[in-house]
Amino acid sequence: MRLREILVPEFDLGMTLNCGQVFHWQKHGRGFTGAIAETPTYVEQEGHLVRFAGIDAKELAHYFAFDHLLTEICASFPKDAALQTARQFCRGLRIIRQPKWECLATFICSSMKQLGHIRQISLSLRKRFGTARKICGQQVLLFPPAERIADASEKELQESALGYRAKNLRATAQQIASGAVDLASWSGLSDLELHDRLCALPGVGTKVANCVMLFAYERIGAFPIDVWIERVLREKYFAQRQSATKKELAKFASGYFGAYGGYAQQYLFHYARTAGKQKREDSSSVSRC
DNA sequence: CTCCAGGGATGAT
DNA sequence: ATCATCCATGGA
């Protein structure tokens, strides 16, 4: 298949797909295969050049948020050492625009799971319930629609290693399939109202709601606090006040990091996970030698 | 406010 | 081959 190409400054495809915001892209050759909504897509990067197949340039640009002005976003950040280091490390990482149901379902499954495991759950759900398509001779499995999950039995869902999440995923899928909930219609809600509506869904609490707001509703200020971010906040910003509650951390974060807090969060998160791991591997290999 | 079930992979011994 | 560790939600 012939690849088309566009020029995108300030973009790191690999980091964007592997930073824990999306879980279905597979490494293939020098790029990645996956689906953008229902469209099987291949995408690779060489310097500032992005080559792709299967999808419109416009849809690709929308999904990967090539319109986000990273320079301006970073310039708006507070100038503390932790965030400056993280943003250097995460240069080119973009918060993408995911389909709402797919994002919601994936993050319901993500609770109490690590990134690798969330990938496996996503793959298992797509294998069992999703439609198979092809791009560049490679199979791509679409994320199953809510109707398909709603029709599955809890037992079937359990076979994707969902544990107690199966019940929540199914209950939420049923609300969507029945029409009681229309995710698209929530786009116009205020941040607060959207957060409340999401939290009313089974299996969705503050953290998952904030992830969905950030990754599917373009609420770039949303600041999900998981254990990694909580650790970073306590170490770097609350060193004197270890007694601070999670609520206080959230309040601080939403004020301190500004309108693009979600970007700050993702950069701090990815740096803490990736650089932290490298440090651990380095020191363990040193001690072995 | 605090405590804790819950499950499956992954990493350490 | 066992044992500890990772983790968000929801209910007590």
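A quick note: this is a predicted structure, and the numbers were derived from the prediction, not measured. We name chains A, B, ... by the order of the sequence lines, and we start the count at 1 in each one.
When the side-chain nitrogen and oxygen atoms of A:R231 are compared with OP1 and OP2 of C:dC7, one or more of them lie within a distance under 4.0 Å. OP1 or OP2 of C:dC7 has at least one side-chain nitrogen or oxygen of A:W228 nearer than 4.0 Å.
With a cut-off of 3.5 Å on both Watson-Crick or G-U wobble distances, the partner of B:dT10 is given as C:dA4. With both pairing distances under 3.5 Å, C:dA12 is matched to B:dT2 as a Watson-Crick or G-U wobble pair.
No more than 12 heavy atoms of other residues, nucleotides or ligands sit less than 6.0 Å from atom NZ of A:K127. Within 6.0 Å of atom NZ in A:K251, 12 or fewer heavy atoms from other residues, nucleotides or ligands are found, so the atom counts as exposed in its surroundings. The 12-atom threshold is not exceeded at CD of A:E46, counting heavy atoms of other residues, nucleotides or ligands nearer than 6.0 Å.
The interatomic distance linking A:Y164 (OH) with C:dG10 (P) rounds to 10 Å, in whole Å. The CD-P distance, from A:Q114 to C:dT5, rounds to 13 Å in whole Å. Rounded to an integer number of Å, the gap from NE2 of A:H117 to P of B:dG7 is 13 Å. Residue A:K113 contributes atom NZ, which lies 10 Å from atom P of B:dT10 at whole-angstrom precision. Put simply, CZ on A:R165 is 11 Å from P on B:dA9, counting in whole angstrom units. Separating the CD atom of A:E159 from the P atom of B:dG7 is a distance of 16 Å, rounded to the nearest angstrom. Residue A:F23 contributes atom CZ, which lies 17 Å from atom P of B:dA9 at whole-angstrom precision. Atom CD1 of A:I118 and atom P of B:dG7 are 18 Å apart (whole Å).
At the heavy-atom level, A:S110 lies nowhere under 4.0 Å from the strands shown. Note on A:N168: nothing from the nucleic acid sits closer than 4.0 angstrom, heavy atoms only.
Side-chain contact between A:N168 and A:L201 is absent, with no heavy atoms from C-beta onward closer than 4.5 Å.
When each of A:Q158 and A:T245 is assigned the nucleotide of DNA chain B with its nearest heavy atom, A:T245 is the one assigned upstream, toward the 5' end. Nearer to the 5' terminus of DNA chain B, by closest-nucleotide assignment, is the contact made by A:M112 (compared with the other of A:Q120 and A:M112). Mapping A:G203 and A:V227 onto DNA chain C by nearest heavy atom places A:V227 at the nucleotide closer to the 5' end.
The ring of A:Y267 has its center no closer than 6.0 angstrom to the ring center of A:Y271.
Comparing B:dG7, B:dG8, B:dC1 by their closest approach to the side chain of A:A161 singles out B:dG8.
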